[in-house]
Amino acid sequence: MRTTCTFRTALLTAAVAGLAATALPAAPAAAAPVAPKFLSAGQWPASLTPWTAGPVHKGLPEDGSVCTAGTIPAKGTRHRDFRTELDTGARQTITVAPTAAKAKALAAELRTALATCLDRLKEQEPGLEGVSRYHGRVNVEEGAHVYSIDTSYPEVGSTDIGLHSVGRDGRTVTVLEWGQLGDLDGAPLKGFRKTTGTAVAKLH
């Protein structure tokens, strides 16, 4: 009798355990990684006319970027263009590298590309004059660095100013480009530094 009862008890215990296991909710699937966030139009330095943000595109821009062409990989990269109604435009490029170490190396390569950009432009375009400056570090996440490139063609009397920055948060690297007709005195350098800090901080 005891053997029968023990056997029935064992069956009942197993059945209850089976029901409990069946009733347990399935483990949730791993959430997809959240894509880094881009700047909005209103987060660029103020201009005489409002900024308009274009769509986010995968890969590198078709027209390339003058200073960083050949440095940023297409894989893991997205970009977004911005414009105003006047002669001012901007672009943000974001790259997610496989590892933080590779992102750090990419950021270093981009800094070199920006620092040497004017010299390369002068080699490609005889008659081009200009001044390149480094405007220091922005203390945000793993850091960001700001540069300006002031160029002119004396023969035609045209001048252009470009502000550039590169920053990193973990595996993610972002590059900002801002440009308009004119020179550095008329560029919103302080506002661009603020935009750079915002861009890196909102990536993740």
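In this text, all values refer to a predicted model and were calculated from it rather than measured experimentally.
The shortest non-hydrogen separation linking G167 to V200 is CA-CG2, 3.9 Å. In terms of heavy atoms, P45 sits closest to G191 at CG-C, 3.6 Å.
Remark: R83 CZ is loosely packed, at most 12 non-hydrogen atoms of other residues, nucleotides or ligands lying under 6.0 Å away.
No donor-acceptor pair under 3.5 Å is formed between the side chain of W178 and the backbone N or O of L189. Side-chain atoms of T172 never come within 3.5 Å of backbone atoms of V96 as a donor-acceptor pair (strictly under, hydrogens ignored).
Between T159 and S152, the side chains place no donor N or O within less than 3.5 Å of an acceptor N or O (distance only, hydrogens not considered). Side chain to side chain, T88 and Q180 meet the donor-acceptor criterion of an N or O pair below 3.5 Å. Looking only at atom types and distance, the side chain of H135 has a donor-acceptor partner in the side chain of S148 under 3.5 Å away. Under 3.5 Å, the side chains of T174 and Q92 contain a donor-acceptor pair of N or O atoms.
To the nearest 0.5 angstrom, H57 atom NE2 is 9.5 Å from R80 atom CZ. Residue L48 holds its CG atom at 8.0 Å from OG1 of T84, rounded to the nearest 0.5 Å. The distance from atom CZ of R133 to atom CG of D150, rounded to the nearest 0.5 Å, is 6.5 Å. D63 CG to D81 CG: the interatomic distance, rounded to the nearest 0.5 Å, is 6.5 Å.
Taking a cutoff of 4.0 Å between a charged side-chain nitrogen and a carboxylate oxygen, D169 and K202 do not qualify as a salt bridge.
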Side-chain atoms of residues 107-122: list all donor-acceptor pairs with protein atoms under 3.5 Å, sequence neighbours left out, distances to 0.1 Å.
residue	atom	partner	partner atom	Å
R111	NE	Y147	OH	2.9
R111	NH1	H145	NE2	3.4
T112	OG1	A108	O	3.2
T116	OG1	T112	O	2.8
T116	OG1	R120	NE	3.3
R120	NH2	C67	O	3.2
R120	NH2	A113	O	2.5

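The hydrophobic clustering, which links ILVMFWY residues whose side-chain heavy atoms are closer than 4.5 Å, places F192 and L86 apart.
In this structure, L60 and I72 have side chains that are in contact, with non-hydrogen atoms separated by less than 4.5 Å.
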CA sep, side-chain torsions, deciding dist, call: H164, I149, side chain to side chain contact (heavy atoms under 4.5 Å, CB included):
CA-CA 8 Å; H164 306 260; I149 301 175; 4.0 Å; yes
